[in-house]
Asker: 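Here's a structure for you.
Worth saying up front: this structure is predicted, and the values here are computed from it rather than measured.
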Amino acid sequence: MVKVLELSSPKGRATSRVLVAAYLLRIYLSINSLGFTVSLPSIMEDLGFIAFYPVLLVLNSSSMAVLALVGGKLIDILGVKRMTVLAVSGVSLAALGAAFAPNLPVFVAFYMVMACCHGTGITMPVAMICDISSQEERPYYMGLYSAANNVGLLVGPLLGGLITDTLGYRFISLFPLALSVTALFLVIRYYPEKAKKSVPVTFDGVGAALSSMAIAGFIALLNVGGKYLPWSSPVLWGGGMAVAALVAVFLIWERRAPEPLLNLKLFSIPSFSVGVIMVLLGMPSINLCANYVTLYVQNGLGGTATFSGTFALPKTLCVLLVTVGLSKWLSQRKHQYKQFLILGGCITVFSSLLVFFGLQWLVGGARVFLLYGITSLYGIAEGFCFMIVYPYYQKNIPAKYLGSGVSVQTLCTTLGTSFSATTFGSILNGWDDNAFTAFPWMGLAVMVAALIYLVLGGFGMDLGGKDAGAF
């Protein structure tokens, strides 16, 4: 049996409070980021630069992606506790500055600082969980993390829209601030101080610059390709070759750097390298539910914005039920992890088949009820992914490279979301922006990713793994 927490002991109580802080931080970062995203059109219109809106979104997502690796390395150097306090304090202060900015330049400056701090801080909650939990406990704690993440994803847009429509966007950063303050208090008061004797004190600035340029260029290509420029454009091909060259130079540099930004020896650990691919493959179904179901309901079925928002509820509830209800039970059945991982992949494949065939065959209300069922099934599969893939991915990361290892997971979620969005966008363009006919084919693309996920889960996931002897 897995002993999750001894709440009666002082150490157990302190650990539980640190876990609460990690979950509050995850909720806060989601609410703050999504709240600003919802209110951004109103902000840009009020400041008189609505045309700058799509550019700012790309800059925001690129900044958060490129700084994930930087944040992970800073954890290795400064420690989880110190970096958490610095990054989350930066997000909160920059959010206040952006909300009350008097003009566009001031707003953009604070907004980008907020995005950069968010990028370095998004890794912190997972790093905190990994730092204070054992291998056996982690599926339970990561299940609760998934629940907290979905609460933030659900509440963020709703709260952001409500505050913007009633009080105005300048109040957007005030309401979630209590979560940040509470979490920081718990971290400062209860997070254990740990000596970092063997951790280097140098920072790989060259590696950070090379990775930032490569990741930002890749995301820019995905956002521009097929939308503003055809994929056959010489500009895109030239940009692609430039990104490939930056990646090659980055890898060569990291192999030779005395203290690399990302230690490439991590990829010699089977659980790490396989887990990275599985995290990437898990993002298409999450992205489909988060963004394209809304598009299908509004533009394909003619539903209202409010009606389309209701489709997020069953998916979120299923994630919560699976993670909260089964995570502790599953953590006691390590020998069955692979079976449950395969079950989650099969659910994703089945749901995607329903998207492709069911939504084309059914009509009227039956199609709507089927879509509610599909999002619910995707939620169940997502719950299994968080409880199994993420702990599996993290299990053999050496303690002194915890930040770097976990930051790759964060980067993979961003790249997986961007790549799937590009794939879905290309499908939509191929059907002349007709969401009704394009959406089933998006489901087929998700099914392909899920099948590869199943192959890796069934044949490439060695639960025994190897230790970190290379380090």
Asker: Ignoring hydrogens, what is the shortest heavy-atom contact between V368 and L301? Give both atom names and the distance.
Answerer: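 So the two residues come closest at CG2-CD1, 4.4 Å.
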
Asker: Is the shortest heavy-atom distance from the side chain of I380 to the side chain of V319 under 4.5 Å?
Answerer: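 Not touching, per the 4.5 Å side-chain cut-off.
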
Asker: For L25, which of L179, V91, T84 qualifies under side-chain contact (heavy atoms from CB on, under 4.5 Å)?
Answerer: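 Passing option: T84.
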
Asker: Do the side chains of F185 and V181 get nearer than 4.5 Å, heavy atoms only?
Answerer: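 V181 vs F185: side chains apart.
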
Asker: With side chains defined as the heavy atoms from C-beta onward, is the minimum distance between T348 and L377 less than 4.5 Å?
Answerer: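 The answer is no; the side chains never approach within 4.5 Å.
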
Asker: When you measure from the side chain of N150 to the backbone N and O of S146, does any donor-acceptor pair fall under 3.5 Å?
Answerer: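 Looks like yes, one N/O pair under 3.5 Å.
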
Asker: Under 3.5 Å, is there a donor-acceptor pair between the side chain of T120 and the main chain of C117?
Answerer: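 Checked: pair present.
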
Asker: Does a sphere of radius 6.0 Å around CZ in F100 hold more than 12 heavy atoms from other residues, nucleotides or ligands, not counting ones at 6.0 Å or beyond?
Answerer: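 For F100, atom CZ is crowded (more than 12 foreign heavy atoms under 6.0 Å).
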
Asker: About how many Å separate CE of M442 and CG of L359, when rounded to the nearest 0.5 Å?
Answerer: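 These two atoms lie 12.0 Å from each other.
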
Asker: Atom CG in L144, atom CG in L19: separation rounded to 0.5 Å?
Answerer: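 Those atoms lie 8.5 Å apart.
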
Asker: Do side-chain atoms of R26 reach the backbone of V126 as a donor and acceptor pair under 3.5 angstrom?
Answerer: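 A pair under 3.5 Å: no.
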
Asker: Which atom names give the shortest non-hydrogen contact between A87 and M124, and what distance separates them?
Answerer: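 Taking every non-hydrogen atom into account, CB-CE, 4.4 Å.
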
Asker: To the nearest 0.5 Å, what is the distance between OG (S173) and CG (L96)?
Answerer: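 So the gap between those two atoms works out to 4.0 Å.
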
Asker: CZ of R82: more than 12 outside heavy atoms within 6.0 angstrom?
Answerer: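 At most 12 heavy atoms, drawn from other residues, nucleotides or ligands, come within 6.0 Å of this atom.
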
Asker: Do V187 and V18 have side-chain heavy atoms sitting under 4.5 Å apart?
Answerer: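 No. Closest side-chain heavy atoms not under 4.5 Å.
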
Asker: Considering only heavy atoms from C-beta outward, does the side chain of E382 approach that of S285 to under 4.5 Å?
Answerer: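 No, side chains not in contact.
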
Asker: Looking only at heavy atoms, which two atoms of D131 and Y191 are closest? And how far apart?
Answerer: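 So the minimum-distance heavy-atom pair works out to OD2-OH, 2.6 Å.
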
Asker: Mind running side chain to side chain contact (heavy atoms under 4.5 Å, CB included) on V408 and V276 for me, showing each step along the way?
Answerer: CA-CA 8 Å; V408 177; V276 164; 3.9 Å; yes

Asker: Under a plain distance cut-off of 3.5 Å, with no hydrogens placed, do Y28 and S92 share a side-chain donor-acceptor pair?
Answerer: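 Yes - a donor-acceptor pair under 3.5 Å links their side chains.
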
Asker: How close do E254 and P260 get, heavy atom to heavy atom, and via which atoms?
Answerer: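 Closest pair (atom of E254, atom of P260, distance): OE1-CB, 3.2 Å.
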
Asker: Which heavy-atom pair separates V349 from M447 by the least distance, and what is that distance?
Answerer: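 The answer is CG1-CG, 3.9 Å.
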
Asker: Strictly distance-based, threshold 3.5 Å: is any side-chain N or O of S180 a donor or acceptor partner for the main-chain N or O of P176?
Answerer: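 Flag not set: sc S180 to bb P176 has no pair under 3.5 Å.
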
Asker: Just how far is it from atom OH of Y140 to atom OG1 of T323, taken to the nearest 0.5 Å?
Answerer: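 One gets 10.5 Å once the value is rounded to the nearest 0.5 Å.
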
Asker: Please check: side-chain N/O of S30 versus main-chain N/O of I27, any donor-acceptor pairing under 3.5 Å?
Answerer: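 No: the side chain of S30 does not pair with the backbone of I27.
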
Asker: Could you go step by step and tell me if S352 and Y378 meet the side-chain hydrogen bond (donor to acceptor under 3.5 Å, both in side chains) rule?
Answerer: CA-CA 9 Å; S352 303; Y378 276 137; 2.9 Å; yes

Asker: Would you please indicate if the ring centroids of Y372 and F311 are separated by under 6.0 Å?
Answerer: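 Ring centroids of Y372 and F311 are less than 6.0 Å from each other.
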
Asker: If the plane angle is over 60° it's perpendicular, under 30° parallel, otherwise tilted; pick one for F36 and Y111.
Answerer: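 The arrangement is tilted - the two ring planes meet at 30° to 60°.
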
Asker: In terms of the angle between their ring planes, are F436 and Y296 parallel, tilted or perpendicular, with boundaries placed at 30° and 60°?
Answerer: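 Parallel.
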
Asker: Who passes side-chain contact (heavy atoms from CB on, under 4.5 Å) against S233, sequence neighbours left out?
Answerer: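 With sequence neighbours excluded, S233 shows a side-chain contact (heavy atoms from CB on, under 4.5 Å) to L229, P230, V235, L236, given in chain and number order.
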
Asker: When rounded to the nearest 0.5 angstrom, what is the spacing between CG in N32 and CD1 in I172?
Answerer: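 Result: 8.5 Å between the selected atoms.
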
Asker: Okay, side chain of S212, backbone of A208: is any donor-acceptor separation there less than 3.5 Å?
Answerer: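 Yes, the answer is positive, given that a donor and an acceptor are paired below the 3.5 Å cut-off.
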
Asker: Where is the tightest heavy-atom contact between L281 and Y453, given as atom of each residue plus distance?
Answerer: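 Result for this residue pair: CD1-N, 3.7 Å.
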
Asker: Walk me through it: do V151 and L320 pass the test side chain to side chain contact (heavy atoms under 4.5 Å, CB included)?
Answerer: CA-CA 8 Å; V151 168; L320 294 175; 4.1 Å; yes

Asker: Do S16 and Y190 meet the criterion of a side-chain donor-acceptor pair at a distance under 3.5 Å?
Answerer: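 Note: S16 and Y190 side chains miss the donor-acceptor criterion.
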
Asker: For side chain to side chain contact (heavy atoms under 4.5 Å, CB included), just list the numbers for S376 and K315, CA-CA rounded to whole Å, side-chain angles, deciding distance to a tenth of an Å, and then say yes or no.
Answerer: CA-CA 4 Å; S376 300; K315 183 252 187 184; over 6 Å; no

Asker: Atom CD1 in I129, atom OH in Y141: separation rounded to 0.5 Å?
Answerer: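 Between I129 CD1 and Y141 OH, I get 9.5 Å after rounding to 0.5 Å.
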
Asker: Decide side chain to side chain contact (heavy atoms under 4.5 Å, CB included) for L210 and L261; before the verdict, give the C-alpha distance in whole Å, the side-chain angles of both, and the deciding distance to 0.1 Å.
Answerer: CA-CA 10 Å; L210 290 170; L261 181 73; over 6 Å; no

Asker: Does E259 reach the main-chain N or O of D204 with its side chain, forming a donor-acceptor pair under 3.5 Å?
Answerer: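 Absent.
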
Asker: Counting N and O atoms only, with roles assigned by atom type, does the side chain of K81 sit under 3.5 Å from a partner on the main chain of I188, one being a donor and the other an acceptor?
Answerer: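 Checked: pair present.
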
Asker: Is there a side-chain contact between L313 and T316, using heavy atoms and a 4.5 Å cut-off?
Answerer: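 Answer no - side chains too far apart.
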
Asker: If we count only N and O atoms by modelled type, under 3.5 Å, do the side chains of N149 and Y23 hold a donor and an acceptor together?
Answerer: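 Checked: N149/Y23 side chains show no N/O donor-acceptor pair below 3.5 Å.
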
Asker: Between L186 and V20, is there a side-chain heavy-atom distance shorter than 4.5 Å?
Answerer: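 The answer is yes; the side chains approach within 4.5 Å.
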
